[in-house]
Chemist: 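Attaching a single structure in structure tokens format; questions to follow.
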Amino acid sequence: GTLFQPHIALFPSAGMGHLTPFLRLASMLLSHNCKVTLITTKSTVSVAESTYISSFLSTHPEINHIEFQVPPMEPSNSTSDDPFFIQFEATSRSSHLIHPLISSLTPPISAIFSDFVVLSGVNKVASVLGVPNFTVSTTSVKFLSLMAYLPILTSEYSTKLSNNCTEIEIPGLTPLPISSFPPPFFNPNHIFTATLVSNARALKDCKGIFMNTFDFFEPETLSAINSLSYLPPILPIGPLQTYEVKKDQRRYLPWLNNQPEGSVVFVSFGSRTAMSKDQIRELRDGLEKSGYRFLWLLKTKKVDKDDKEDVEDLLSISFIERTKEKGMVLKEWVNQQEILGHPAIGGFENHCGWNSVMEAAQRGIPMLGWPQHGDQRVNAEVLEKAGLGIWDRTWGWGGQRLVRQDEIRTKVFELMTDEKLKSSAKKVGEEARNATARNGGSSTKTILEVIQLLKQ
Ligand code: BUP
């Protein structure tokens, strides 16, 4: 009948990179008159996650919140000590256990939107409940296509990676350089790889895959992946729009307001990068030598609550003194969307986490990519091809080698002076805003079609 209110259960996985797109999607669903249930794990890895969840819930009391207690895993001789990977695996293994938590809700669930990392278990729950499960992918289409192919790839490593090949051919897609594969992918037993492989096998059984991207950004990969018979429809619905409430304590704002338009490099490597002290010093000197103004978000630990060192100790008081007119260094959570939207920002030096890429795309801010781990090198290829940014492949993965101050200075200079880059990034921004336009944007249409379907 008419006016049926679909009830959608959202189930994100660990880390801000995963939580963020889900909260943005939740806020969009609410604005389209859907009922939303948010499933989160009982304890989160980072403080940022729990802060975002509680502030989101308090601004949206109409949301039904379910806390899922993930059964602890037997202490094993794990292949990784990354707390996010460990949480991925634990949640992935037990995701089918959400069934009793959502089977008797009123009104009954009409669909589940779940993270790639819990896909396999949630597919089973969805099929018992007789509702569709859509995957929400938190990466580029190019990296998704690599993950989708991973089960085949890991079983064929011996033949594929034999004679020193430098690229992998995935049917229908442009070849991927081996150097862009996340290093754990070469070990099929690594928990990151094993978790992705088991969920990749389940991709074919979900109803569709929401992607935080837009047609203009990855045209070739999008059309190629849509022709692969082993995948459900790919649904580009990005860039997902911010909902974040502006906080009062933003001591960077008055500083930013005083900087000339387009003059500041915003430097941030996401919520999960632990940069070594040596590398931080090279970056510090490279930034200073570039002569550009900078707003630098400094992090030394993978998990926020472990990050306790002082800016002065890390960078030296004399550096802070010398650069106090030109630069600001922060060691706190900021509203990144708001910073990227500030007229003073002229460039973004970043790890190429997919949310960050989409946030820069939305504003047409040129990027200097410095991929650190995971999907980030593949993402860097994508954003370079789209005209949003540049990166230097010889810098390697985060921590692989010390990138010297002069290399950093040179690239920052290029980022801030390349006029061709500026105009192609601007074009990306226009296309991103077209895609998300309320009337007729391609991404808007795609999500509205799904909601419409669920309303019937
Ligand atoms: Br740090 C930081 N403020 O201080 P990514 C991040 N963010 O708003 P990541 C802030 O968190 P993965 C801060 O705007 C983005 O939406 C940022 O996601 C926001 O990278 C999100 O960019 C971070 O995808 O996650 O955190 O490294 O490794 O999963 O990509």
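Just the heavy atoms: all of them, side chains too, but no hydrogens, waters or symmetry mates, feed the values below. Atoms within a ligand are numbered from 1 in the order they appear, just like the ligands themselves.
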Chemist: Have a look at Thr20, Thr138, Val334, Asp375 and point out the one with the heavy atom closest to atom 8 (O) of ligand 1.
Modeler: Val334
Chemist: Please indicate whether any nitrogen or oxygen in Lys299 is less than 3.5 Å from any nitrogen or oxygen in ligand 1.
Modeler: no
Chemist: Identify whether NZ of Lys or CZ of Arg in Arg377 sits under 6.0 Å from the centre of the six-membered ring of Phe181 and within 45° of that ring's axis.
Modeler: no
Chemist: Polar-atom distance check: Gln337 versus ligand 1, any N or O pair below 3.5 Å?
Modeler: no
Chemist: Does a side-chain heavy-atom distance below 4.5 Å link Gln336 with Phe348?
Modeler: yes
Chemist: Out of all atoms in ligand 1, which are within 4.0 Å of some heavy atom of Trp354? Include the element for each.
Modeler: 24 (O)
Chemist: Tell me which one of Gly17, Ser13, Ala360, Pro21 gets a heavy atom nearest to atom 23 (C) of ligand 1.
Modeler: Gly17
Chemist: Among Ser180, Ser356, Ser140, whose side-chain hydrogen bond (donor to acceptor under 3.5 Å, both in side chains) with Asn379 holds?
Modeler: Ser140
Chemist: Considering the options Thr195, Asn199, Asp115, which one meets the side-chain hydrogen bond (donor to acceptor under 3.5 Å, both in side chains) requirement together with Ser92?
Modeler: Asn199
Chemist: I need the nearest protein heavy-atom contact for atom 6 (C) of ligand 1: residue, atom name and distance, please.
Modeler: Trp333 CH2, 3.3 Å
Chemist: Just need the protein heavy atom nearest to atom 18 (O) of ligand 1, so name the residue and atom and give the distance.
Modeler: Asn355 ND2, 3.3 Å
Chemist: Taking atom NZ of Lys385 as the centre, does the number of heavy atoms from other residues, nucleotides or ligands within less than 6.0 Å exceed 12?
Modeler: no
Chemist: Among all protein heavy atoms, pick the one closest to atom 27 (O) of ligand 1 and tell me residue, atom and distance.
Modeler: His351 NE2, 2.9 Å
Chemist: Quick check: does Ser356 get an N/O under 3.5 Å from an N/O on ligand 1?
Modeler: yes
Chemist: Within a distance under 4.0 Å of any heavy atom of Gly353, pick out the atoms of ligand 1 and give their elements.
Modeler: 5 (P), 20 (O), 22 (O), 24 (O), 30 (O)
Chemist: Under 30°, 30 to 60°, or over 60°: which ring-plane class applies to Trp296 and Phe319, parallel, tilted or perpendicular?
Modeler: perpendicular
Chemist: So, is Ser268 polar-close to ligand 1, with some N/O to N/O distance under 3.5 Å?
Modeler: no
Chemist: Under 4.0 Å, heavy-atom basis, I'd like to know which part of Thr273 is in contact with ligand 1: side chain, backbone, both or neither.
Modeler: neither
Chemist: Which one of Arg272, His18, Glu359, Glu332 has a non-hydrogen atom at the shortest distance from atom 16 (O) of ligand 1?
Modeler: Glu359
Chemist: To which protein heavy atom is atom 26 (O) of ligand 1 closest, and what is the distance rounded to 0.1 Å?
Modeler: Ser271 OG, 2.4 Å
Chemist: Okay, side chain of Asn335, backbone of Glu338: is any donor-acceptor separation there less than 3.5 Å?
Modeler: yes
Chemist: Count the heavy atoms of every other residue, nucleotide or ligand shown that sit under 6.0 Å from CD1 of Ile317, and state whether that count exceeds 12.
Modeler: no
Chemist: Count the heavy atoms belonging to other residues, nucleotides or ligands that lie under 6.0 Å from CZ of Arg438, then report whether that count exceeds 12.
Modeler: no
